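Structure first, commentary second.
Atoms within a ligand are numbered from 1 in the order they appear, just like the ligands themselves. In this chain, numbering begins with 1 at the start of the sequence shown. Here the structure is a predicted model, which is why all the values come from computation and not from measurement.
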Amino acid sequence: MTFFRMQDYEIYIEENGLVNLYKHIKAIYHLDRVFVVTDQNVYNLYHEALERNLLELKVSFVVVEPGEKSKSLKTYQEVISKLIKLGIKRNHLLIAFGGGVVGDLTGFVAATLYRRLPYIQVPTTLLSMVDSSIGGKVGIDLPEGKNLIGSFYDPELVLIDPSFLKTLSRREYANGLAEMIKAGLIGDKKLYQHLLDHEDVTEAEITMAIQVKRDVVLLDPYDKVERMYLNFGHTFGHAIEKKHNYETYLHGEAVAYGMLIALQIGIKYNESKQELYDEVKKLLLERGLVKEPLLKMEDYIKEIITDKKFFDNELHFIVVPKVGTAKILRLKESDFQ
Ligand SMILES: NC(=O)c1ccc[n+]([C@@H]2O[C@H](COP(=O)([O-])OP(=O)(O)OC[C@H]3O[C@@H](n4cnc5c(N)ncnc54)[C@H](O)[C@@H]3O)[C@@H](O)[C@H]2O)c1
């Protein structure tokens, strides 16, 4: 078992760690009722296991539809209504039990219902283990765009149990791998090397990826400067997701194409090496994250310009000069023409 201390809470990473959830909850919470928000897939697969490990508590579930559409104002309101009907009070504990959708939605409910309730994160997808459950960003989407309403609101604890990954589809697994490859490229050569050689990840690699994000988040909890490094591959990644209406590509797939474009831009500005581009391309192809013919930068520049990513005609663009390091380039609109 590994644990990381964040500013005000702990992240526990442990294979089969679900068996210790009650113990961790008891250390921070003294009431006997908890309210679990989850999605239908995770509920079907794991509600019995969760209840078995929380036998001493009265557990109430609120179950939402799987998928991004549940990060909506409508579902937010439904979840709140159900929680109130179930008798939730301002000092009761909420548990976000699922992937990033459940984590972001439940965290936002926790941040706002009764002006804040304590909550914990129990992520069940690889992406939510290494990315969305860490860093306190919570929120929902609007018809106008993704993650437009939200807050920074830290959980009381995060429990990461990699054994949940056994039931994840290959595509969702690869989706999380993309964020791990990014973490390796910007901050941990050893992690990157492991991901080059192995398709499967264990507690050890999940821990390394979390450490990269944790270190950046501790430096910059409110996303002002250093967190920008986590955006490697995301400038074009977001443009790709948006242009295809968030339907064709999962986030990790879009970021995978985005990382290749960022490496190409790095090569253009003599920051990155062609050999690294070739190696990362081969890796992403092998993991099924990208396909040939690759998506082209030119097709997404318009999205980047219209998406207000430029401030004062300048875009902070992250490149990787060598594995384990990242750098900010300040690019102008004309640099993309
Ligand atoms: N808050 C942040 O900092 C942050 C960072 C990155 C992404 N996000 C958000 O995360 C969301 C994406 O998260 P995600 O990729 O986890 O998607 P998700 O929550 O939609 O989960 C993907 C699918 O996997 C299923 N699932 C979950 N756990 C499973 C398991 N153990 N076995 C089998 N199936 C399982 C879910 O039911 C769902 O169908 C997006 O909304 C994105 O905006 C947030």
Side-chain angles (χ1 to χ4, degrees), residues 6 11 15-18 36-47 49-50 63-72 75-76 96-108 110-111 119 121-142 145-155 158-180 182-183 206 209-210 212-214 216-217 220-223 227 230-234 237-238 241-242 246-247 249-256 258 289:
M6 297 300 280
I11 303 168
E15 185 77 31
N16 299 316
L18 189 64
V36 178
V37 180
T38 188
D39 75 21
Q40 193 67 56
N41 293 337
V42 178
Y43 179 85
N44 294 348
L45 286 163
Y46 293 114
H47 80 95
L50 186 74
V63 182
V64 302
E65 287 297 304
E68 189 70 29
K69 61 181 177 301
S70 284
K71 259 176 67 175
S72 64
T75 310
Y76 166 75
F97 185 47
V101 164
V102 164
D104 283 10
L105 171 71
T106 312
F108 189 58
Y119 81 112
Q121 292 264 17
V122 183
T124 61
T125 61
L126 187 54
L127 182 125
S128 57
M129 290 179 191
V130 298
D131 194 355
S132 61
S133 67
I134 316 294
K137 276 191 191 178
V138 296
I140 54 174
D141 305 331
L142 288 180
K146 268 194 66 168
N147 296 319
L148 291 189
I149 304 183
S151 184
F152 289 94
Y153 185 46
D154 285 336
V158 182
L159 182 120
I160 291 170
D161 177 353
S163 65
F164 287 122
L165 300 177
K166 286 181 197 129
T167 49
L168 209 59
S169 69
R170 283 321 288 176
R171 191 174 177 208
E172 290 292 353
Y173 192 82
N175 188 39
L177 273 186
E179 288 292 351
M180 294 185 73
K182 179 204 79 182
I206 290 172
I210 290 172
V212 172
K213 180 153 186 187
R214 169 200 181 254
V216 174
V217 166
D220 182 14
Y222 298 111
D223 203 359
R227 267 209 204 192
L230 299 171
N231 284 343
F232 176 63
H234 283 61
H238 288 148
E241 282 185 283
K242 193 171 177 194
Y246 301 94
E247 279 163 9
Y249 301 102
L250 294 180
H251 177 70
E253 294 163 350
V255 166
L289 279 160

Discussion item. Between T167 and Y46, is there a side-chain donor-acceptor contact under 3.5 Å, judged purely by atom types and distance?
Written reply: yes
Ignoring hydrogens, what is the shortest heavy-atom contact between [X] and [Y]? Give both atom names and the distance.
X: V217; Y: G135; result: CG1-CA, 3.9 Å
X: S132; Y: D104; result: CB-OD1, 4.2 Å
X: Y119; Y: Q121; result: CE1-NE2, 3.7 Å
X: S128; Y: T124; result: OG-N, 3.5 Å

Identify, by atom number and element, the atoms of ligand 1 in contact range of [X], meaning under 4.0 Å from any of its heavy atoms.
X: K213; result: 3 (O)
X: E68; result: 40 (C), 41 (O)
X: T167; result: 30 (C), 31 (N), 32 (N), 33 (C)
X: L45; result: 32 (N), 33 (C)
X: F164; result: 30 (C), 31 (N)
X: L127; result: 7 (C), 10 (O), 12 (C), 13 (O), 14 (P), 15 (O)
X: N41; result: 36 (C), 37 (O), 39 (O)
X: N175; result: 15 (O)

Worksheet item: Is K71 in contact with ligand 1, taking contact as a heavy-atom separation below 4.0 Å?
Response: yes
Worksheet item: Non-hydrogen atoms of E179 versus ligand 1: any pair closer than 4.0 Å?
Response: no
Practice prompt. Classify the ring geometry between H234 and H238 as parallel (under 30°), tilted (30 to 60°) or perpendicular (over 60°).
Written response: perpendicular
Worksheet item: Does any N or O in the side chain of R227 come within less than 3.5 Å of the main-chain N or O of V216, such that one atom is a donor and the other an acceptor?
Response: no
Response to the item:
shortest atom 27 (C) of ligand 1-to-protein heavy-atom contact is with T125 CG2, 3.2 Å
Response to the item:
Checking heavy-atom distances from atom 14 (P) of ligand 1 to each of G67, P66, G100, G139, the winner is G100
Discussion item. What I want to find out is whether K213 reaches E179 closely enough, with some N-O distance under 4.0 Å, to be called a salt bridge.
Written reply: no
